Amino acid sequence: MAVVSFPFYLDCPVVEVQFRRMDGSGTVARRLLVDSGFTGQSAFVLPSADEGLVVQRLAPETETAGALHGRHRRIWVACTMPPIGFRDTLLAICTDMTPLALPPLIEGMAGLTFLQRFQRWGGERRGDGSWQFLLETTLGPQAP
Amino acid sequence: MSTPPPKQLGDQEIARAICSQFEFGGQRFRRGQYVAILKGQVLAVGESFEEVQRALAAHAPDPRHGLICLVDTPAPDVIRRW
């Protein structure tokens with residue numbers, strides 16, 4: 001079992017996820033807002049500019065409802081969280097994120113489909129009163 | 001006057017057909033299968049992304065060519081305004 005935690009950012013639950021680059025030259029990190037109310041087959045929303053950077057393969061376009069509505073491009077992304085041994089290939093919507101009105105320096109969203117890949121997830125108040133967001137896997141850390 | 005040839009479906013249209021009908025071109029598909037589609041044809045079907053990605057990459061190394069579809073009943077992604 002392995003746990004990773006992220007301090008809330010601007011009072012928002014966030015996670016930092018590594019995405020494998022399209023050309024295989026390492027990964028890029030993205031700080032993502034966590035929202036279990038983001039539901040559907042897709043795990044992430046990323047900015048359009050990330051498509052050419054982290055696409056592993058194109059995916060069928062998706063219909064979205066809510067703050068983002070209409071048809072949007074979608075890609076497969078290979079994501080990792082080495083401290084807890086997490087590695088998966090999931091669907092990401094790539095689009096203009098302006099309608100989401102995300103807080104500054106938040107680079108996308110992670111939804112329920114991402115969270116359900118973990119054994120346990122959620123917010124926790126620390127002894128000093130601050131909040132952190134936890135993800136737990138049954139795996140161990142990956143070797144460097 | 002001759003009849004125009006039937007329009008070939010694009011990769012995106014084929015993926016929509018597979019997920020809405022669980023069938024395409026006489027081939028049946030199950031929920032949870034991964035399907036690689038390239039140039040209007042089903043290239044590979046498998047139980048994992050990696051399996052069909054390998055098959056697709058052999059024909060289309062550029063990941064911006066072809067697509068991989070996860071067979072499932074179409075449902076919208078719902079995203080709230082933060």
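Every chain is numbered from 1, with letters handed out A, B, ... down the list of sequences. Atoms considered below: every heavy atom in the structure, side chains included; atoms not considered: hydrogens, waters and symmetry mates. Quick caveat, the model's predicted, so the values are computed rather than measured.
Residues A:Val77 and B:Leu56 are members of separate hydrophobic clusters, defined by side-chain heavy-atom contacts under 4.5 angstrom among Ile, Leu, Val, Met, Phe, Trp and Tyr. Under the 4.5 Å side-chain heavy-atom criterion for ILVMFWY residues, no single connected hydrophobic cluster contains both B:Val78 and A:Leu32. Both A:Phe118 and A:Leu90 are assigned to one and the same hydrophobic cluster, defined by single-linkage of ILVMFWY side chains at heavy-atom distances under 4.5 Å. Note: the hydrophobic cluster containing B:Ile14 does not contain B:Leu38 (ILVMFWY, side chain heavy atoms under 4.5 Å, direct or indirect links). Put simply, B:Val52 and B:Phe24 are part of two different groups of oily side chains (I, L, V, M, F, W, Y) that touch within less than 4.5 Å, one to the next.
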Hey, can you dump all donor-acceptor pairs under 3.5 Å between chain B and chain A, distances included?
residue: B:Gln12; atom: OE1; partner: A:Glu61; partner atom: N; Å: 2.8
residue: B:Gln12; atom: NE2; partner: A:Ala59; partner atom: O; Å: 3.3
residue: B:Glu50; atom: OE2; partner: A:Thr89; partner atom: OG1; Å: 3.3
residue: B:Gln53; atom: OE1; partner: A:Arg57; partner atom: NE; Å: 2.9
residue: B:Gln53; atom: OE1; partner: A:Arg57; partner atom: NH2; Å: 3.3
residue: B:Gln53; atom: NE2; partner: A:Gln56; partner atom: O; Å: 2.9
residue: B:Ala60; atom: O; partner: A:Arg57; partner atom: NH1; Å: 3.0
residue: B:Ala60; atom: O; partner: A:Arg57; partner atom: NH2; Å: 3.1
residue: B:Asp62; atom: O; partner: A:Arg57; partner atom: NH1; Å: 3.1
residue: B:Pro63; atom: O; partner: A:Leu58; partner atom: N; Å: 3.3
residue: B:His65; atom: O; partner: A:Arg57; partner atom: NH1; Å: 2.7
residue: B:Ile68; atom: N; partner: A:Leu58; partner atom: O; Å: 3.0
residue: B:Ile68; atom: O; partner: A:Trp76; partner atom: NE1; Å: 2.7
residue: B:Leu70; atom: O; partner: A:Gln41; partner atom: NE2; Å: 3.4
residue: B:Asp77; atom: N; partner: A:Glu63; partner atom: O; Å: 3.0
residue: B:Asp77; atom: O; partner: A:Ala65; partner atom: N; Å: 2.8
residue: B:Asp77; atom: OD1; partner: A:Gln41; partner atom: N; Å: 3.0
residue: B:Asp77; atom: OD1; partner: A:Ser42; partner atom: N; Å: 3.0
residue: B:Asp77; atom: OD1; partner: A:Ser42; partner atom: OG; Å: 3.4
residue: B:Asp77; atom: OD2; partner: A:Ser42; partner atom: OG; Å: 2.7
residue: B:Asp77; atom: OD2; partner: A:Thr62; partner atom: OG1; Å: 2.8
residue: B:Val78; atom: N; partner: A:Thr39; partner atom: O; Å: 2.8
residue: B:Val78; atom: O; partner: A:Thr39; partner atom: N; Å: 3.0
residue: B:Ile79; atom: N; partner: A:Ala65; partner atom: O; Å: 3.0
residue: B:Ile79; atom: O; partner: A:Ala67; partner atom: N; Å: 2.7
residue: B:Arg80; atom: NE; partner: A:Asp35; partner atom: OD1; Å: 3.4
residue: B:Arg80; atom: NE; partner: A:Asp35; partner atom: OD2; Å: 3.1
residue: B:Arg80; atom: NH2; partner: A:Asp35; partner atom: OD1; Å: 2.3
residue: B:Arg80; atom: NH2; partner: A:Asp35; partner atom: OD2; Å: 3.3
residue: B:Arg81; atom: NH1; partner: A:Pro99; partner atom: O; Å: 3.1
residue: B:Trp82; atom: N; partner: A:Leu100; partner atom: O; Å: 3.3

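Annotation: maximal heavy-atom pairing with chain B below 4.5 Å, among A:Pro103, A:Ala65, A:Ala78, A:Gly111, occurs at A:Ala65. Chosen from A:Leu68, A:Val55, A:Leu33, the residue pairing most often with chain B at heavy-atom distances under 4.5 Å is A:Leu33.
In this structure, the portions of A:Pro60 lying under 4.5 Å from any heavy atom of chain B include both its backbone and its side chain. For A:Ile106, no part sits under 4.5 Å from any heavy atom of chain B, backbone or side chain. Of the two parts of B:Leu70, the backbone and the side chain both hold a non-hydrogen atom closer than 4.5 Å to a non-hydrogen atom of chain A. Heavy-atom distances place no part of A:Leu112 under 4.5 Å from chain B, backbone and side chain included. For B:Ala36, no part sits under 4.5 Å from any heavy atom of chain A, backbone or side chain.
The structure places CG of A:Leu91 at 9.5 Å from SG of B:Cys69, a figure rounded to the nearest 0.5 Å.
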